[in-house]
Amino acid sequence: MNHHTQAAKDVEALLRGVEEMISPQDLEKKISSFYREGKPLVVKEGFDPSAPDIHLGHTVTLRKLRQFQDLGHEVVFLIGDFTGRIGDPTGKKESRRQLSEEEVLCNARTYAEQVNRILDPEKTRVEFNSSWLKDITLADLVVMMSHFTVARMIEREDFGERIKTGKPVGLHEFLYPVMQAYDSVSLRADVELGGTDQRFNLLMGRDMQRDFGQEPQVVILMPLLEGTDGVEKMSKSLGNYIGVNEPPFEVFHKTMTVPDFLIEKYFLLLTDVPENEIYKMKNETEKGILHPREWKKRLAYTIVKMFYGEDKARQADRDFEKAFVQSETPDGAREVVINMNQLEDGKIWIVKLLKMTGIPSSNSEARRLVQQGGVTLCNQRISDPELEVEIQNGDSLKVGKRGFYRLLLVE
RNA sequence: GGGGAGGUACCUAAGUGGACAAAAGGAGCGGACUGUAAAUCCGUCGGCUUAGCCUUCGAAGGUUCGAAUCCUUCCCUCCCCA
């Protein structure tokens with residue numbers, strides 16, 4: 001196979017799940033020259049250093065990065081430590097606390113651990129954008145900014161929207177796209193990945209690279225993944241996320257709570273299941289041959305398997321049946337460790353016990369939970385928030401509809 | 001620099017001296033139903049070992065028996081003009 005057809009094939013594979021690629025032709029050219037000259041493409045994505053918890057939403061682009069790696073290219077995992085210090089333009093109004101150097105490094109390490117479940121560490125280069133941004137002079141900045149216009153800036157949807165609705169837009173927020181674009185220049189990026197909400201920023205990168213006499217990067221926009229609520233983009237702060245570090249049972253169960261209409265999208269963006277198989281399942285579901293529940297279970301199974309392997313996936317599946325069909329405590333339930341000295345006569349105040357699970361954020365909330373019948377200890381519903389309950393090692397505790405726990409007593 | 005409008009709980013938003021821990025909706029949470037989900041219904045939604053008490057309405061002071069509401073200063077945002 002010659003370089004051309006190979007490149008075309010790569011591009012086709014890389015287009016899976018992509019919302020927009022600017023442009024496939026450019027990418028094909030770049031890949032062709034990779035095959036000709038052997039120089040891997042630099043594929044970049046930037047990450048915010050303040051939220052080091054990776055969830056399935058992040059993995060959409062990470063998986064795409066991985067795909068590039070598997071085709072022989074180099075991925076730059078860019079930690080936006082400099083940009084992150086100032087505040088995010090997409091953000092609400094909280095001004096961001098400055099992160100210390102240690103915090104950034106610590107977060108970066110946490111990031112790396114999680115990210116390596118998806119990326120190939122051998123082919124991943126971690127960079128911090130402070131390493132070039134901190135030395136920019138005001139004069140440099142003036143030159144860079146002169147390439148862009150206010151009109152362009154405010155035609156951006158999120159700025160435009162805020163202006164229209166009378167919400168503040170900080171001047172410094174205009175610096176964001178500029179700095180991000182400069183990252184691409186510094187890295188001589190060939191490709192940059194991001195969610196569709198990053199369209200503007202990534203396009204700025206192209207423009208600036210052109211200004212600096214570089215070949216513009218290819219921009220790949222992945223769809224935003226809705227979280228378990230099926231409406232909002234998956235995010236930690238909205239609590240609609242499925243974390244890659246969560247135990248198998250949680251991942252399985254949370255996936256099962258995703259609305260049906262997202263099953264197809266999840267399959268497409270989060271698994272390697274071939275597209276024709278996905279459509280086949282979809283078809284069967286529409287015809288009533290495959291129950292949506294079963295379809296979704298396959299999804300949950302596939303996702304757990306990716307992170308934990310086949311055995312754990314099977315167990316998570318069994319646990320799920322156990323918990324929700326037979327209403328029993330699953331084997332994969334989280335453990336609540338209780339020190340014996342926290343008991344009095346083998347008893348503990350129910351509210352205190354609940355707090356140990358971390359679910360209720362206050363005693364009042366724990367009380368409410370009890371009063372509303374959301375708490376079951378050893379299959380006994382508890383309704384009195386004043387109750388001192390007697391507990392034994394291995395007792396099962398259910399909090400709300402999805403919190404399964406097993407009590408572990410220690411000396 | 002001039003003029004105007006505002007800042008209320010997670011969000012939107014009522015309330016302009018007492019019945020206000022603060023209407024209404026949304027989100028969230030719990031229960032019922034289900035397929036796990038959606039839809040629907042009911043409940044809940046500042047904190048506190050809770051018939052009670054404590055802290056909230058941009059911030060700090062003040063007036064008052066009593067303040068989210070009145071006064072003063074300060075901080076912040078938006079709009080129009082320059």
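Proteins get letters first, then strands, A, B, ... in listed order; numbering begins at 1 in each.
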Touch class at under 4.0 angstrom, heavy-atom based, for A:K352 against every strand present: nothing

Between B:A68 and B:A14 - C1' atom distance, rounded Å: 12 Å

Among A:K282, A:K280, A:K296, salt bridge (Lys or Arg N to Asp or Glu O under 4.0 Å) partner for A:E264: A:K282

Base B:G47 to side chain A:N363, donor-acceptor N/O within 3.5 Å cut-off: no

Rounded distance (Å) that lies between atom P of B:C80 and atom CD1 of A:I163: 11 Å

Under 4.0 angstrom between A:R368 side-chain N/O and B:G28 OP1 or OP2: no

Euclidean distance, atom CD1 of residue A:I359 to atom P of B:C45 [Å, nearest integer]: 19 Å

B:G17: pairing nucleotide in any strand, Watson-Crick or G-U under 3.5 angstrom: none

Whole-Å gap separating P (B:U34) and CZ (A:F324): 16 Å

Sugar-phosphate, base or nothing in reach of A:H253, heavy atoms under 4.0 Å: nothing

Same-atom distance (P) from B:A37 to B:C29, integer angstrom: 11 Å

Cationic N near anionic O, under 4.0 Å, A:K30 to A:E215: yes

B:G43 base / A:Q372 side chain donor-acceptor hit below 3.5 Å: yes

Whichever of A:S362 and A:V325 has its nearest RNA chain B nucleotide further upstream toward 5': A:V325

Identified pairing partner of B:C74, criterion: Watson-Crick or G-U wobble below 3.5 Å: B:G58

is_close_aromatic(A:F174, A:F148), centroid dist under 6.0 Å: no

Distance between P atoms of B:C45 and B:G52 (Å, rounded): 16 Å

A:S364 vs B:C48: side-chain N/O to OP1/OP2 distance below 4.0 Å: yes

Distance-only donor-acceptor test, A:R367 side-chain atoms vs B:U49 base atoms, 3.5 Å: no

Interatomic distance at C1', B:C57 relative to B:C65, whole Å: 22 Å

Atom-to-atom span, NZ of A:K401 to C1' of B:G35 - whole angstrom: 14 Å

C1' gap between B:U69 and B:A19, integer Å: 15 Å

Touch class at under 4.0 angstrom, heavy-atom based, for A:P292 against every strand present: base

B:C33 to B:U40 separation - C1' atoms, rounded to the nearest Å: 8 Å

Those residues that, when tested against A:F34, pass ring pair (Phe, Tyr, Trp, His ring centres under 6.0 Å) (two or more places apart): A:H73

Pair partner, B:A39 [Watson-Crick or wobble, under 3.5 Å]: none

Interatomic spacing from OH in A:Y308 to CD1 in A:I303 - rounded to 0.5 Å: 12.5 Å

Result block: side-chain N/O donor-acceptor pairs under 3.5 angstrom for residues 374-382 of chain A, not counting sequence neighbours:
from, atom 1, to, atom 2, distance (Å)
A:R381, NE, A:G373, O, 3.4

Whole-angstrom distance between B:A23 and B:G46, as gauged at atom P: 9 Å

Whole-angstrom distance between B:C48 and B:G31, as gauged at atom C1': 25 Å

